[in-house]
Amino acid sequence: MEQRHLGRTGLRVSRIGLGTLTWGRDTDEHDAADVLKTFWEAGGTLVDTADVYGDGEAEYLLGRLIEGLVPRRDLVISTKAGSVPDPDRRFDGSRGHLLSALDASLTRLGTDYVDVWHIHAFDPQTPLEETLQALDLAVSSGRARYAGVSNFCGWQLAKAATWQLAAPGIRTRLASTQLEYSLLQRGVEREVLPAALDLGIGLLPSSPLGRGVLTAKYRNSTPPDSRGASEHLAPFVAPYLDDTASRIVDAVQTAADGLAVTPLQVALAWVRDRPGVTAPVIGARNAQQLTAALSVEALSLPDEICRALDDVSAPVHHYPDHDWSTL
């Protein structure tokens, strides 16, 4: 698998990442082992998790697998901290919470360090410089090799990255940012992606297949073994089952038919090769699903297909998202 630099850093990662959102909950140890081994054997390196996935079970399961199945040195492990199970405060970006969460993640993962450590979301109740200081301490102590953020909007990302570049002392440059990005969700193109490109921050798209909808599996009905049929994941899929999404999925299917490939391959290739993208993170339920996704490695979409997909999925951009002189 082709490797790409993560933002403006020397770290190289596979251009497809493996997500573990369902590990320890919907994906058991046997399936997780098959998925990780398949990913590793295909040349995949970037494995993304978080301290709240499966209430910590995802990290614990990954730690068990890298102990006996895949060498730790062959993987680039990314995890996140900051989400908390508190209805009154969904995110805690305080230095104390974040560093304690990192220590707990390292224990579950059974490793001395993570390759990339992300702040899971912006916490408006904590001064941003305090949150960012946790990244500095994590890297300076060797517990994390690189740092990034997740789910920061445009101004939040720009402020955080600029602070790290301009504040006095030794600061850790932001290497990456994670947000949802697909043909069904192109909101990052308004402000986040321009900021990331300007600041040299690599984008790691989550849900690059539109929460599974871009595979075209939901065109006629909801498969009983899909996330859309799952009691706790159905609300996650539902927003992308409207008429707008249906038109985009139809276009993806048409492109796939013309290229003699699958809708999954078309949708994944589109987001993988967007400017500023380092590696889409895919969450496969089993090795069969992962193999289907990894088959995109040999596919590059023709320019005319990309333009057609751009047009059919184009989000509405108004002032001030675009240069006022063009409006």
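Worth knowing before you read on, the calculation uses all heavy atoms, side chains too, and leaves out hydrogens, waters and symmetry mates. Numbers here simply count residues along the sequence, with the first being 1.
In this structure, a donor-acceptor pair under 3.5 Å is present between the side chains of Q265 and T262. Side-chain N/O atoms of H120 and S83 include a donor and acceptor closer than 3.5 Å. A donor and an acceptor atom, one from each side chain of R173 and Y146, are nowhere located under 3.5 Å apart. In this model, a donor atom of one side chain and an acceptor atom of the other lie less than 3.5 Å apart for S176 and H118. D48 and Q178 share a donor-acceptor pair across their side chains, judged by distance under 3.5 Å alone. A donor-acceptor contact closer than 3.5 angstrom links the side chains of S94 and D92. No side-chain donor-acceptor contact under 3.5 Å links Q164 and T172.
Of the possible polar contacts, none joining the S246 side chain to the D242 backbone as a donor-acceptor pair under 3.5 Å is found. Looking only at distances, a side-chain donor or acceptor of S206 sits under 3.5 Å from a matching main-chain atom of E180. Checking side-chain atoms of Q185 against main-chain N and O of G187 turns up a donor-acceptor pair under 3.5 Å. Checked by atom type and distance alone, the side chain of T9 pairs as donor or acceptor with a backbone atom of L6 at under 3.5 Å. The closest donor-acceptor contact from the side chain of E41 to the backbone of F39 lies at 3.5 Å or more, if one exists at all. Here the side chain of T131 pairs a donor or acceptor atom with the backbone of G93 at under 3.5 angstrom. The closest donor-acceptor contact from the side chain of T20 to the backbone of A58 lies at 3.5 Å or more, if one exists at all. Using modelled atom types, one side-chain atom of T215 and one backbone atom of G212 make a donor-acceptor pair closer than 3.5 Å. Between the side chain of R285 and the backbone N or O of D26, no donor-acceptor pair lies under 3.5 Å.
Between atom CH2 of residue W23 and atom CD of residue E57 there is a gap of 13.0 Å, rounded to the nearest 0.5 Å. The line from CG of L132 to OG1 of T126 is 11.0 Å long, rounded to the nearest 0.5 Å. Annotation: the span from R95 atom CZ to E130 atom CD amounts to 5.0 Å, rounded to 0.5 Å. Here the OG1-NE2 distance, from T278 to H5, works out to 10.5 Å after rounding to the nearest 0.5 Å. L214 contributes atom CG, which lies 7.5 Å from atom CD1 of I248 (distance to the nearest 0.5 angstrom).
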message = R72 vs D112, test: salt bridge (Lys or Arg N to Asp or Glu O under 4.0 Å). Steps then yes/no.
response = CA-CA 11 Å; R72 170 68 181 90; D112 295 331; over 6 Å; no
inquiry  = Run the salt bridge (Lys or Arg N to Asp or Glu O under 4.0 Å) test on R186 and E189 for me, step by step, so that the C-alpha distance in whole Å, both residues' side-chain angles and the decisive distance to 0.1 Å come before the verdict.
reply    = CA-CA 6 Å; R186 295 177 60 182; E189 295 177 3; 3.0 Å; yes
key: side chain to side chain contact (heavy atoms under 4.5 Å, CB included) between Q3 and R15, worked out   = CA-CA 6 Å; Q3 305 287 301; R15 64 175 180 170; over 6 Å; no
task = Step by step, work out the side chain to side chain contact (heavy atoms under 4.5 Å, CB included) result for V52 and K80.
result = CA-CA 8 Å; V52 293; K80 298 178 280 292; over 6 Å; no
task = Evaluate the criterion salt bridge (Lys or Arg N to Asp or Glu O under 4.0 Å) for residue pair D115 and R12; output intermediate values, then yes/no.
result = CA-CA 11 Å; D115 296 279; R12 288 166 60 83; over 6 Å; no
task = Please lay out, stage by stage, how R274 and D310 fare under the test salt bridge (Lys or Arg N to Asp or Glu O under 4.0 Å).
result = CA-CA 11 Å; R274 298 294 287 179; D310 289 351; 3.0 Å; yes
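The salt bridge (Lys or Arg N to Asp or Glu O under 4.0 Å) search around R272 returns none, not counting sequence neighbours.
In this structure, D250 pairs ionically with R219, as a charged nitrogen and a carboxylate oxygen lie closer than 4.0 Å.
Contact of the L102 side chain with the V114 side chain is registered, since non-hydrogen atoms from C-beta on lie closer than 4.5 Å.
Of all heavy-atom pairs spanning G154 and V192, the tightest one is N-CG2, 3.5 Å.
Within the cation-pi definition used here (under 6.0 Å to the ring centroid, within 45° of the axis), R145 qualifies as a partner of Y113. In this structure, R211 satisfies the cation-pi test against Y240, with its NZ or CZ atom closer than 6.0 Å to the six-membered ring centre and inside 45 degrees of the ring normal.
Using a 4.5 Å cut-off between side-chain heavy atoms of Ile, Leu, Val, Met, Phe, Trp and Tyr, with links allowed through other members, W117 and L18 fall into the same hydrophobic cluster.
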